[in-house]
Chemist: 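Encoded as structure tokens, here's the structure I'll be asking about.
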Amino acid sequence: MQALPPGAGGHGMNAELAKVVELLRSMDAVLVNVGHGRGERSTADADAFVRAWADGGGELGTVVSWPATAASWLRPACRFAAGAPDAWVVAAEPGEWTGIGPRLAATGLWRPHRTVAFSGLAGLADGVDGLRGATEDGAGWMFFDGQLVVG
């Protein structure tokens, strides 16, 4: 696990991470699976979340990473979707999501409306309805009817 980015740990949690945790708590989530791209920011966001969630008494299912390019994202998608978590957390940039997103949907196990993402996925051209997340400044966002709604 990498070091936390400045301000992301403990009571000094940054606004984006705090909003991700808040959204999960509002969903009454306890057991959470975490998935992330392998870019530096995605990995750091996932690591910070894992630490904050565990420190706050939350339970972690699986933590899965995936490459931006692959012959198939079937294995990481199945691992990420498995285990009947209360919710999923995604730390990824749009380019890291385009391959695994459709694979997750195809599993039949993953639920976008039970998924909270960091700000990177707010930049998706084709967002998945129900997917929600946090902006860098701690506001919330959600895809609804194919449109990004912030606030």
Side-chain angles (χ1 to χ4, degrees), residues 1-70 72-124 127-143:
M1 189 175 290
Q2 295 182 358
L4 291 174
H11 296 291
M13 188 182 309
N14 71 36
E16 182 178 13
L17 177 56
K19 185 65 173 182
V20 167
V21 170
E22 175 190 320
L23 289 168
L24 289 163
R25 295 287 183 213
S26 74
M27 296 164 55
D28 295 324
V30 176
L31 178 63
V32 175
N33 283 359
V34 180
H36 64 91
R38 293 185 183 159
E40 186 176 324
R41 176 159 182 203
S42 299
T43 301
D45 284 346
D47 289 347
F49 172 78
V50 165
R51 186 166 298 152
W53 191 248
D55 287 352
E59 297 177 25
L60 294 162
T62 188
V63 178
V64 178
S65 72
W66 52 78
T69 58
S72 170
W73 287 271
L74 180 60
R75 184 171 288 153
C78 288
R79 286 185 51 227
F80 183 52
D86 299 320
W88 292 268
V89 171
V90 176
E93 298 299 316
E96 296 171 326
W97 177 255
T98 55
I100 197 161
R103 275 298 196 183
L104 277 171
T107 67
L109 301 171
W110 175 67
R111 301 288 179 254
H113 68 279
R114 299 293 299 173
T115 303
V116 177
F118 281 82
S119 61
L121 290 193
L124 288 172
V128 179
D129 276 0
L131 181 66
R132 70 189 75 205
T135 63
E136 287 182 5
D137 64 0
W141 58 263
M142 174 185 241
F143 283 102

Chemist: Between the main-chain N or O of Gly39 and the side-chain N or O of Glu96, is there a donor-acceptor pair closer than 3.5 Å?
Modeler: yes
Chemist: Nearest heavy-atom pair of Ser42 and Gly37: which atoms, and what distance?
Modeler: CB-O, 3.5 Å
Chemist: Quick check for you: to the nearest 0.5 Å, what is the distance between Leu60 atom CG and Asn33 atom CG?
Modeler: 8.5 Å
Chemist: Closest approach of Gly58 and Arg25, non-hydrogen atoms and distance?
Modeler: N-NH2, 3.9 Å
Chemist: Mind checking the CG-CZ spacing from Leu74 to Arg103? Nearest 0.5 Å is all I need.
Modeler: 4.5 Å
Chemist: Which atom pair, heavy atoms only, marks the closest approach of Asp45 to Ala91?
Modeler: CB-CB, 3.8 Å
Chemist: Taking it one step at a time, do Trp97 and Leu104 satisfy side-chain contact (heavy atoms from CB on, under 4.5 Å)?
Modeler: CA-CA 10 Å; Trp97 177 255; Leu104 277 171; 3.5 Å; yes
Chemist: If I take atom CG from residue Leu31 and atom OG1 from residue Thr62, how far apart are they, to the nearest 0.5 angstrom?
Modeler: 10.0 Å
Chemist: Taking all non-hydrogen atoms of both residues, which atom of Val89 and which atom of Phe49 are closest, and how far apart?
Modeler: CG2-CZ, 3.6 Å
Chemist: Report yes or no: is the cationic atom of Arg79 (NZ for Lys, CZ for Arg) under 6.0 Å from the centre of the six-membered ring of Trp110, at an angle within 45° of the ring normal?
Modeler: no
Chemist: Rounded to the nearest 0.5 Å, how far apart are CD of Glu93 and CG of Leu121?
Modeler: 7.5 Å
Chemist: Between Trp66 and Ala92, which heavy-atom pair has the shortest distance, and what is it?
Modeler: CZ2-CB, 4.3 Å
Chemist: Can you name the closest pair of heavy atoms from Gly133 and Val116 and give their distance?
Modeler: CA-CG1, 4.2 Å
Chemist: Flag the pair Asp47 and Arg51 as a salt bridge only when some basic side-chain nitrogen lies within less than 4.0 angstrom of an acidic carboxylate oxygen.
Modeler: no
Chemist: Restricting to side-chain hydrogen bond (donor to acceptor under 3.5 Å, both in side chains), what partner residues turn up for Asp137, sequence neighbours left out?
Modeler: Thr135
Chemist: Report yes if some heavy atom in the side chain of Val90 is under 4.5 Å from a heavy atom in the side chain of Phe80; otherwise report no.
Modeler: yes
Chemist: Tell me whether the count of non-hydrogen atoms from other residues, nucleotides or ligands lying under 6.0 Å of CZ in Arg75 goes above 12.
Modeler: no
Chemist: Would you say the side chain of Pro94 lies within less than 4.5 Å of the side chain of Leu124, judging by non-hydrogen atoms?
Modeler: yes
Chemist: Between Trp141 and Arg132, is there a donor-acceptor pair closer than 3.5 Å when you use the side chain of the first and the backbone of the second?
Modeler: no
Chemist: Could you tell me whether Lys19 and Glu16 make a salt bridge, using a distance below 4.0 angstrom between a side-chain N and a carboxylate O?
Modeler: no
Chemist: Taking Arg114 for the side chain and Asp86 for the main chain, is one N or O donor matched with an acceptor at less than 3.5 Å?
Modeler: yes
Chemist: Within the side chain of Trp53, is there an N or O that forms a donor-acceptor pair under 3.5 Å with the backbone of Glu59?
Modeler: yes
